[in-house]
Number of protein chains: 2
Amino acid sequence: MFRNLCREINKIRQFEDTVLTVVVRHSWKNVRNEIQGKILDSTYAPGDKLPKDEDIARDIGCARTTVQRAMRDLSDSGIVERRRKGGTIVRADPVTRAILDIPITRMEVEQKGGVYGYQLLEMSSGLTPVPVTANFGLGAPQVMLRIQALHLANQRPYIYEDRWVSLQTVPDLADVDLSKKSANEWLVRNKPYSRCDLRFYAARAGDHYSGILGTDVNEALFVMERTTWIHTDPITTVKAVTMPGYQLLTQI
Amino acid sequence: MFRNLCREINKIRQFEDTVLTVVVRHSWKNVRNEIQGKILDSTYAPGDKLPKDEDIARDIGCARTTVQRAMRDLSDSGIVERRRKGGTIVRADPVTRAILDIPITRMEVEQKGGVYGYQLLEMSSGLTPVPVTANFGLGAPQVMLRIQALHLANQRPYIYEDRWVSLQTVPDLADVDLSKKSANEWLVRNKPYSRCDLRFYAARAGDHYSGILGTDVNEALFVMERTTWIHTDPITTVKAVTMPGYQLLTQI
DNA sequence: AAAGATATTAAGTATGCACATAAAATAGTC
DNA sequence: GACTATTTTATGTGCATACTTAATATCTTT
């Protein structure tokens, strides 16, 4: 008869909490939602100046710290802009700000329920060509390791990657067997970066990519380029050419 | 002789501050850099558990709040993962997390030093086709306003946009003259959204887009789709088809 | 051993307070 | 008037403290 009592008590606690939150407590999330609501319903329009934190805090009846926390969240989202002494204004030229999470390709395939495969196509060493040198922002070409490989999903090509790695920055990679495991994976697990540039565009498959991926020559392919550094030392730059139909989505 | 004295004093203050910051004060940014440094130099490897905030605070000699602030920053960047009672661990499956800012097209063109132009191609009203209905996650097609327009940079096509707007959610748009100014601009300034989905992919120009943009039929074009809601009400969905060579970059 | 209740723990939040900082406004000087 | 110095001010930060929350670990009960 008294089973699940604890669970019931917890439910009651949660209920009390909700009531308390509504009536008494002021969480920064509530404050943020309240302010955001006033922006959404045009009480404050783009370009408008919001009252200063202190006043908002007094109106609501919470600490200024709490308003500050809410405001920082809105500021991080690109909804408002804050400047010392200048106050807080609703962004006049709103941007669509999105957070993109690009996972390791293997994880991406497996998360979709596919079987992941990896195939090393070619490994060589040589001077970086102009686009690669430019990606790194280097003054002159350097000798780097070039790795061309194919990621497979359910035995079919998924992403072709063309990578250059600086063995000067990452000497350990020379000892890794890259015929089984992707350099992507090793690097991302063993060499955290401090800076990362991303670049997205579309490219016609052409003779080269169509041959590798087995697509029509005129197919349009989505390409992601990623370049990473540790401090100012170049780590790697990859051009990832995806299969037709590939889409990059933002997390909701 | 005593000109710029204030400026000099400020320099001295700044110097003192630097010294103080190094010797005494512990800003959360310093704490974050210190921890991040230990992750970058593999003192803590992916999957490792970090000491609890309290201990780190004691070791460094700062308040726990400061460590908390630093940790939240690392957590926001996707470098560590934090769980109540579970502690802080270095992300085992690191993702490349990037922040994308997509500005209003006019701003983008002008920022590049180009002359912006806008051309309304067609306006009509009708039931949303399947892909549009799906983008909004609606159960059934709705009557919405369709706007096809061209953004120009230096008198040449830059982006072709095919937009559907729910006049039910945004009735005011009916009163706006869309022949001069883009719906994009009006909406973004007057109708903030509470949710936004983004989708990027590549598409072959084909007969339709090549005709509008004046490109080769086999050209690969970069496409951005954006759908916005206010709470659960659909606002608009746009397919923005860009000119060949268009690239989307992350802010550094 | 399995299920459920309880305790413990580490992160998360709220607050008051003092002070730092950068930017704007004002005052001062030549 | 143009430049510079000073003051003002709204946001930003650091700290101590107390409390909340969600997750895990441990203990009980059957």
Side-chain angles (χ1 to χ4, degrees), chain A residues 1-21 23-33 35 49-58 60-76 80-89, chain B residues 1-21 23-33 35 49-58 60-76 80-89:
Chain A
M1 216 187 286
F2 290 97
R3 303 280 166 85
N4 289 329
L5 185 60
C6 183
R7 193 163 294 174
E8 290 308 316
I9 289 176
N10 269 332
K11 277 187 192 167
I12 293 169
R13 272 195 192 155
Q14 275 181 24
F15 173 73
E16 285 180 349
D17 235 45
T18 310
V19 174
L20 276 175
T21 305
V23 179
V24 181
R25 282 282 153 60
H26 298 97
S27 76
W28 66 265
K29 287 181 185 180
N30 288 342
V31 175
R32 184 205 53 195
N33 289 340
I35 298 167
K49 194 171 173 177
L50 297 181
K52 62 182 178 188
D53 294 8
E54 207 181 320
D55 293 347
I56 293 178
R58 194 170 22 71
I60 295 178
C62 67
R64 183 166 78 85
T65 321
T66 308
V67 176
Q68 159 83 22
R69 181 75 183 78
M71 285 298 199
R72 186 152 38 76
D73 198 76
L74 289 171
S75 173
D76 284 347
V80 303
E81 267 178 340
R82 315 194 70 190
R83 285 159 86 188
R84 280 169 160 150
K85 166 84 183 178
T88 306
I89 58 162
Chain B
M1 220 189 286
F2 289 97
R3 302 281 167 81
N4 289 329
L5 184 59
C6 183
R7 193 162 295 175
E8 289 309 316
I9 288 176
N10 269 333
K11 276 186 193 168
I12 292 170
R13 271 193 191 156
Q14 275 182 24
F15 173 73
E16 285 180 348
D17 235 43
T18 310
V19 173
L20 275 174
T21 304
V23 180
V24 182
R25 282 281 154 61
H26 298 98
S27 76
W28 66 268
K29 287 182 184 178
N30 288 342
V31 175
R32 185 204 54 196
N33 290 339
I35 298 167
K49 194 170 173 179
L50 298 181
K52 62 183 182 188
D53 294 10
E54 207 181 322
D55 293 347
I56 293 179
R58 196 170 21 72
I60 296 178
C62 67
R64 184 165 78 86
T65 323
T66 309
V67 177
Q68 159 84 20
R69 181 74 182 78
M71 285 298 199
R72 186 153 39 74
D73 198 76
L74 289 171
S75 173
D76 284 347
V80 302
E81 266 179 340
R82 317 193 79 203
R83 286 160 85 188
R84 281 169 161 151
K85 166 91 180 173
T88 306
I89 58 163

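Chain letters run A, B, ... following the sequence lines, proteins first, then strands; residues in each count from 1.
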note = Per nearest nucleotide of DNA chain D, the residue lying toward the 5' end, B/Arg64 or B/Arg69, is B/Arg69
Would you give the length of the straight line joining atom [atom1] of [X] to atom [atom2] of [Y], rounded to the nearest 0.5 angstrom?
X       : Y       : atom1 : atom2 : answer
B/Ser27 : B/Arg69 : OG    : CZ    : 10.5 Å
B/Arg83 : B/Ser75 : CZ    : OG    : 12.0 Å
A/Ile35 : A/Leu74 : CD1   : CG    : 6.0 Å
A/Lys52 : A/Met71 : NZ    : CE    : 13.0 Å
B/Thr88 : B/Asp53 : OG1   : CG    : 5.5 Å

key: Phosphate-side-chain proximity, B/Ser27 and D/dG14, N/O vs OP1/OP2 below 4.0 Å   =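 For B/Ser27, the contact criterion (side-chain N or O under 4.0 Å from OP1 or OP2 of D/dG14) is met.
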ask   = Quick one: is C/dT13 close enough that its OP1 or OP2 comes under 4.0 Å of any side-chain N or O from A/Thr66?
value = no
task = Only counting residues at least two apart or in another chain, list the ones meeting salt bridge (Lys or Arg N to Asp or Glu O under 4.0 Å) with A/Arg58.
result =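 If we apply the salt bridge (Lys or Arg N to Asp or Glu O under 4.0 Å) test to A/Arg58, skipping adjacent residues, the hits are A/Asp55.
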request  = Please name all residues satisfying salt bridge (Lys or Arg N to Asp or Glu O under 4.0 Å) with A/Arg32, sequence neighbours left out, ordered by chain then number.
outcome  = A/Asp73
Residue A/Thr65, side-chain atoms from C-beta onward, closest of C/dA14, C/dG16, D/dG12 =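 Nearest to the side-chain atoms of A/Thr65, counting from C-beta on, is C/dG16.
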request  = Return the nearest nucleotide to the side chain of B/Lys52; candidates are C/dA10, D/dA16, D/dT11.
outcome  = C/dA10
Distance in angstrom units between [X] [atom1] and [N] [atom2], rounded:
X       : N      : atom1 : atom2 : answer
B/Gln68 : D/dA18 : CD    : P     : 18 Å
B/Ile60 : D/dC15 : CD1   : P     : 10 Å
A/Asp73 : C/dT13 : CG    : P     : 10 Å
A/Ile56 : D/dT11 : CD1   : C1'   : 12 Å
A/Trp28 : D/dC19 : CH2   : P     : 23 Å
B/Asp55 : C/dT9  : CG    : P     : 13 Å
B/Arg82 : C/dA10 : CZ    : P     : 12 Å
A/Glu81 : C/dA23 : CD    : P     : 13 Å

Set out, line by line, the N/O atom pairs under 3.5 Å between protein and nucleotides 23-26 of chain D.
{"unit_1": "D/dT24", "atom_1": "OP1", "unit_2": "B/Arg83", "atom_2": "NH2", "d": "3.0"}

ask   = When you match B/Arg72 and B/Lys49 each to their closest nucleotide on DNA chain C, which lands nearer the 5' end?
value = B/Lys49
